[in-house]
Amino acid sequence: MKKILLLAIISLALFSCEGPMGPQGPQGVGEGMYWKYYTYTVRSQDWELVISGDGLNTYYMYVFDNKDITDDLYLNGYALGYLVQSPGTDDEVITPLPYTVHRGSNDPEGTLLWTETYTYDYMPGSVAFYVQYSDFAQQQPEDMVFRLVLNN
C-alpha cells in the first residue's frame, strides 16, 4: 500500500501542470450575436381576410411592424415564429410555426372535418402571421398570441 501511495505522489509531482499561462484563444462563435423576443396579440376582429382573385384559397393574416428585423438580420440572422396556446394559464405552451392541427365536430348535417394551419413570414421591418382553414371557411379566427424570436 505504501508503494502505491509513493508511486501516486511521484506521478503527481512529475506530471503536474506548472508554468506560465498560454496565450488567449480566439473569440468563440457568437461574438456580437443577440437574441430578442416579442410577444404579439392579434384580436379576433383584427384578422384580415385575404381572398384570391377566383374566390378560392382564402386565409387570414395580420402584419406587425418590427424595426429590429433589419436588412442585416434578414440576410445574416433569422426570426423564429411560435404560437402561444392557452396564454396566461397553467396549460400555456409555445408551439413552433408552422403548426397544423386537425379538427372535427358533429352537427345536424353530419361530421365536419378540417385542418387549421398557422404560419408566419418576415421581411425587413415587419412580420406577418397567417391562419388558413383547409375547407377555406371564412370563419374569423379567435384572439391569438404569437411569439417571435430574433437572432443575429
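This one's a predicted model, so the numbers in the text were calculated from it and none came from an experiment. Start at 1 with the first residue, then count along the sequence.
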Subject >> Selection residues 42-69 - residue pairs positive for salt bridge (Lys or Arg N to Asp or Glu O under 4.0 Å), sequence neighbours left out >> reply: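 The answer is Lys36-Asp68, Arg43-Asp143.
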
Subject >> Side-chain donor-acceptor contact under 3.5 Å, Tyr122 with Asn66 >> reply: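 On atom types as modelled, these side chains do not qualify, holding no pair under 3.5 Å.
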
Original post:
Going by atom types only, do Gln85 and Thr95 share a side-chain donor-acceptor pair under 3.5 Å?
Top reply: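 Yes, a side-chain donor-acceptor pair sits under 3.5 Å.
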
Original post:
Checking side chain to side chain contact (heavy atoms under 4.5 Å, CB included) against Tyr78, which of Asn152, Asn151, Val149 comes through?
Top reply: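 The residue from Asn152, Asn151, Val149 that satisfies side chain to side chain contact (heavy atoms under 4.5 Å, CB included) with Tyr78 turns out to be Asn151.
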
What closest approach, in Å, do [X] and [Y] show between heavy atoms, and which atom pair accounts for it?
X	Y	value
Val63	Ser126	CG1-CB, 3.9 Å
Leu150	Ala79	CD2-CB, 3.5 Å
Val145	Pro87	CG2-CG, 3.7 Å
Pro141	Ser44	O-OG, 2.7 Å
Gln139	Tyr60	N-OH, 3.2 Å
Phe129	Trp47	O-CZ3, 3.5 Å

Original post:
Can you check side chain to side chain contact (heavy atoms under 4.5 Å, CB included) on His102 and Leu113, steps first, answer last?
Top reply: CA-CA 8 Å; His102 306 287; Leu113 302 173; over 6 Å; no

Say you draw a straight line from [atom1] of [X] to [atom2] of [Y]; how long is it, rounded to the nearest 0.5 Å?
X	Y	atom1	atom2	answer
Gln132	Thr58	CD	OG1	7.0 Å
Glu116	Thr100	CD	OG1	10.0 Å
Tyr38	Ile69	OH	CD1	8.0 Å
Asp91	Ser86	CG	OG	5.5 Å
Leu148	Leu80	CG	CG	8.0 Å
Leu83	Phe146	CG	CZ	5.5 Å

Subject >> Check: Thr119 and Leu97 side chains under 4.5 Å, non-hydrogen atoms >> reply: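 When only atoms from C-beta onward are counted, Thr119 and Leu97 do not touch, as no gap falls below 4.5 Å.
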
Original post:
Tell me, do Pro98 and Tyr130 make a side-chain contact under 4.5 Å, heavy atoms counted?
Top reply: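 In short, these two side chains do not touch, never coming nearer than 4.5 Å.
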
Same cluster or not: are [X] and [Y] linked, directly or through other Ile, Leu, Val, Met, Phe, Trp or Tyr residues, by side-chain heavy atoms under 4.5 angstrom apart?
X	Y	value
Tyr40	Tyr59	no
Val131	Val50	no
Tyr82	Met61	no
Val93	Val84	no

Original post:
So with a 6.0 Å cut-off around CD of Gln45, is the heavy-atom count from everything else above 12?
Top reply: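 Above 12, so yes.
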
Subject >> Heavy-atom neighbours of Tyr74 OH exceed 12 at 6.0 Å >> reply: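 No, the 6.0 Å shell around OH holds no more than 12 heavy atoms from other groups.
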
Original post:
Would Tyr62 and Phe64 count as a close aromatic pair, with their ring centres under 6.0 Å?
Top reply: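 Yes - the distance between ring centres of Tyr62 and Phe64 falls below the 6.0 Å cut-off.
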
Subject >> salt bridge (Lys or Arg N to Asp or Glu O under 4.0 Å) partners for Asp135, two or more places apart >> reply: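 Asp135: no salt bridge (Lys or Arg N to Asp or Glu O under 4.0 Å) contacts found.
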
**OP:** Fit a plane to each ring of Tyr99 and Tyr118, take the angle between them on a 0 to 90° scale, and name the class: parallel (under 30°), tilted (30 to 60°) or perpendicular (over 60°).
**Re:**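 Rings of Tyr99 and Tyr118: parallel, as their planes differ by under 30°.
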
